[in-house]
Amino acid sequence: MKRVIFILFAVLFGETITAQNRFTIGDLTYEVLNGGNSVEVHDCDTSATSVDIPTTVTNNETTYSVTYIGDLAFSGCYSLTSVTIPNSVTYIGIWAFYGCSSLTSITIPKSVTYIGEMAFYGCSNLTSVSIPNSVTYIGEMVFYGCSNLTSVSIPNSVTYIGRDAFSDCSSLTEINVDSGNTHYSSIDGVLYNHAQDTLIQCPGAKSSVNIPNKVTTIGDGAFYHCSNLTAITISNKVTSIGVGAFWFCSSLTSVIIPNSVTYIGDLAFSGCSNLTSVSIPNSVTSIEIGAFSNCSNLTAINVDSGNTHYSSIDGILYNYAQDTLIQCPGAKSSVTIPNKVTTIEHEAFYGCSSLTSITIPNSVTYIGRDAFSDCSSLTSIISLAYTPPILDVKCFDGVNSDCSLIVPCKSMTVYKASDWNNWFNTDNITGSYYTEISATINEGETYTEYGFNENKTGTYTHTVENQGDCDSTIVLHLSVNASL
């Protein structure tokens with residue numbers, strides 16, 4: 001399996017796979033690097049429990065210096081508890097110790113300058129790591145998921161730290177940066193850039209953070225999976241909240257977005273399962289896909305009336321023109337979409353696990369990717385559109401196929417012949433008549449309602465149409481002559 005992963009990686013990243021110049025000594029397989037004077041640790045026996053990497057190795061009477069730990073070298077070595085890395089090693093490759101869940105500690109020698117992406121990803125029992133004052137590059141997600149790691153010190157040599165380098169480290173209390181570092185800094189154990197205007201990474205064990213007034217940007221994934229975070233104070237200097245900035249902050253109950261923020265990134269607050277309400281100030285001009293998706297207790301997303309880019313109706317987020325439904329709060333149980341809406345945005349209802357019924361108006365022509373994914377309680381969908389709306393990929397992923405889909409009688413056949421039939425059992429796609437009332441309230445305005453209330457007053461005329469292929473073959477159109 002490990003080699004299959006390596007081959008996939010090689011194909012994706014354009015690497016040339018070769019078995020030439022490889023040899024095995026003990027638990028380790030080496031590969032001669034270009035130039036012929038040094039080797040990388042290419043592979044390790046997955047049953048190994050303790051490995052002491054030598055400084056040099058000899059094969060066929062040729063002695064080589066061990067300078068690299070190759071990509072995926074120790075991945076899948078789930079029983080490995082300790083590794084000794086020699087001073088000859090300068091490079092730790094991508095996914096080098098990926099998933100070594102029994103590894104408890106590791107000492108990186110002062111010869112190492114580069115730690116590749118996801119090098120220690122998923123080393124869940126790693127409690128301590130020493131990054132020497134030789135490392136310049138720490139790749140993306142290097143220590144991701146190291147749930148027992150408690151503290152990290154960044155030396156002054158480091159010039160690059162990739163996104164999510166310390167994400168999902170639930171026991172991490174502090175990330176401390178050497179005062180001599182000219183690229184990064186730390187305040188109260190939180191990682192910032194050197195200018196301290198960008199918050200890069202909050203340790204996963206933090207329960208509360210006051211963001212300094214100097215900060216203008218909360219970086220991508222800055223609080224990702226900070227599951228202990230219950231409160232956050234965002235200063236009124238912040239203008240940008242990055243992609244996945246508070247993703248899966250499951251203990252966060254409230255957040256105040258100040259009237260300085262203009263940009264809220266993709267999935268910014270997604271998975272904040274205890275967040276109950278959000279207010280969008282008039283300063284916000286851009287809210288990206290799924291910013292508040294999968295927030296199961298969110299009851300309302302309220303937009304300031306002065307905002308000229310977004311609006312809200314009954315706590316649901318729309319664009320300003322209200323022809324695009326952007327995000328439904330996760331705690332909603334029943335929604336009737338206004339007849340003005342033409343587009344249901346990507347992930348608009350994603351993770352709305354309390355949603356049991358939805359009415360889609362005739363005006364909707366397009367439903368975006370993952371729009372209703374993981375709406376696991378959805379039992380009834382009414383689509384009033386005569387022409388089935390175009391479905392993007394995974395629209396109803398996670399919705400029970402036995403969910404009832406009710407459509408206009410005369411459109412039942414076309415729904416069954418469309419992509420909609422891929423998501424719902426044919427027997428559960430049924431046609432029904434419905435009542436459509438249109439009336440002029442004021443000059444130039446038209447009032448339309450589906451599902452007429454017989455208690456309304458007025459003078460009515462009606463016509464009857466044969467719809468063809470439903471048990472209930474009549475659709476009733478009532479024109480209201482009086483004001484409603």
Side-chain angles (χ1 to χ4, degrees), residues 314 316 325 328 332-438 447-456 460 462-479:
D314 192 29
I316 297 174
L325 191 157
C328 177
K332 289 281 187 184
S333 59
S334 179
V335 173
T336 298
I337 298 172
N339 196 43
K340 194 175 183 180
V341 172
T342 61
T343 298
I344 298 173
E345 186 57 273
H346 302 310
E347 302 185 23
F349 291 85
Y350 183 89
C352 288
S353 56
S354 297
L355 189 70
T356 59
S357 65
I358 181 80
T359 300
I360 300 170
N362 186 40
S363 55
V364 170
T365 59
Y366 173 80
I367 300 176
R369 181 191 69 249
D370 281 311
F372 293 94
S373 284
D374 290 345
C375 291
S376 54
S377 298
L378 196 59
T379 58
S380 173
I381 299 172
I382 299 174
S383 176
L384 300 177
Y386 289 112
T387 300
I390 295 170
L391 302 182
D392 209 324
V393 296
K394 300 172 66 177
C395 279
F396 297 99
D397 202 26
V399 175
N400 194 313
S401 61
D402 289 331
C403 175
S404 173
L405 174 61
I406 302 171
V407 302
C409 285
K410 65 181 182 181
S411 299
M412 187 169 66
T413 300
V414 70
Y415 270 88
K416 288 184 177 181
S418 73
D419 288 344
W420 287 73
N421 196 49
N422 297 332
W423 292 104
F424 303 97
N425 290 333
T426 301
D427 292 342
N428 289 331
I429 302 177
T430 59
S432 179
Y433 71 88
Y434 65 89
T435 305
E436 177 183 310
I437 306 94
S438 298
Y447 176 87
T448 301
E449 180 177 317
Y450 297 98
F452 183 63
N453 182 344
E454 293 291 346
N455 293 326
K456 288 188 181 292
Y460 314 111
H462 69 273
T463 58
V464 176
E465 293 182 10
N466 189 320
Q467 297 301 301
D469 53 5
C470 298
D471 292 336
S472 301
T473 59
I474 296 174
V475 60
L476 190 62
H477 298 275
L478 291 93
S479 299

Closest heavy-atom pair and its distance - C375, V399: O-CG2, 3.8 Å

Pairwise distance NZ(K416) to OG1(T430) - rounded to 0.5 angstrom: 8.0 Å

Residue list, side chain to side chain contact (heavy atoms under 4.5 Å, CB included) with S376, at least two apart or on another chain: S353

CG on D392 to CD on E347, rounded to 0.5 Å: 11.0 Å

Residue pairs involving residues 346-377 (criterion ring-ring contact (aromatic ring centres under 6.0 Å, His included); sequence neighbours excluded): F349-F372, F372-F396

N/O donor-acceptor pair under 3.5 Å between T359 side chain and T336 backbone: no

Gap separating the CD1 atom of I337 from the CG atom of L325, nearest 0.5 angstrom: 5.5 Å

Closest non-hydrogen atom pair between Y415 and P408, with its separation: CE1-CD, 4.4 Å

Residue pair M412 / I429: nearest heavy atoms and the distance that separates them: SD-O, 3.7 Å

Heavy-atom check, side chain of V414 versus side chain of T387, under 4.5 Å: no

Over 12 non-hydrogen atoms of neighbours within 6.0 angstrom of NZ in K394: no

Minimum-distance pair of heavy atoms, taken over all atoms of S363 and P338: OG-O, 4.1 Å

Contacts of S373 that satisfy side chain to side chain donor-acceptor pair (under 3.5 Å) - sequence neighbours left out: D370

Contacts of type side chain to side chain contact (heavy atoms under 4.5 Å, CB included), residue T356, not counting sequence neighbours: S377, T379

Nearest heavy-atom neighbours spanning W423 and L391: CD1-CD1, 4.1 Å

Inter-residue atom distance L355.CG - D374.CG, 0.5 Å rounding: 12.5 Å

Spatial distance of atom CD1 (I360) from atom OG (S383) [nearest 0.5 Å]: 5.0 Å

Atom pair CD1/CD1 of I358 and I381 - distance to nearest 0.5 Å: 8.0 Å

Candidates S333, S404, S334 - the one meeting side chain to side chain donor-acceptor pair (under 3.5 Å) with S357: S334

Inter- and intrachain pairs under salt bridge (charged side-chain N to carboxylate O under 4.0 Å, His left out), touching residues 332-346, at least two apart: D314-K332

Sequence-distant partners of D402, side chain to side chain contact (heavy atoms under 4.5 Å, CB included), two or more places apart: N400, N425, N428

Over all atoms of both residues, closest heavy-atom pair of C352 and C328: SG-O, 3.6 Å

Side chain proximity check, W420 to C395, heavy atoms < 4.5 angstrom: no

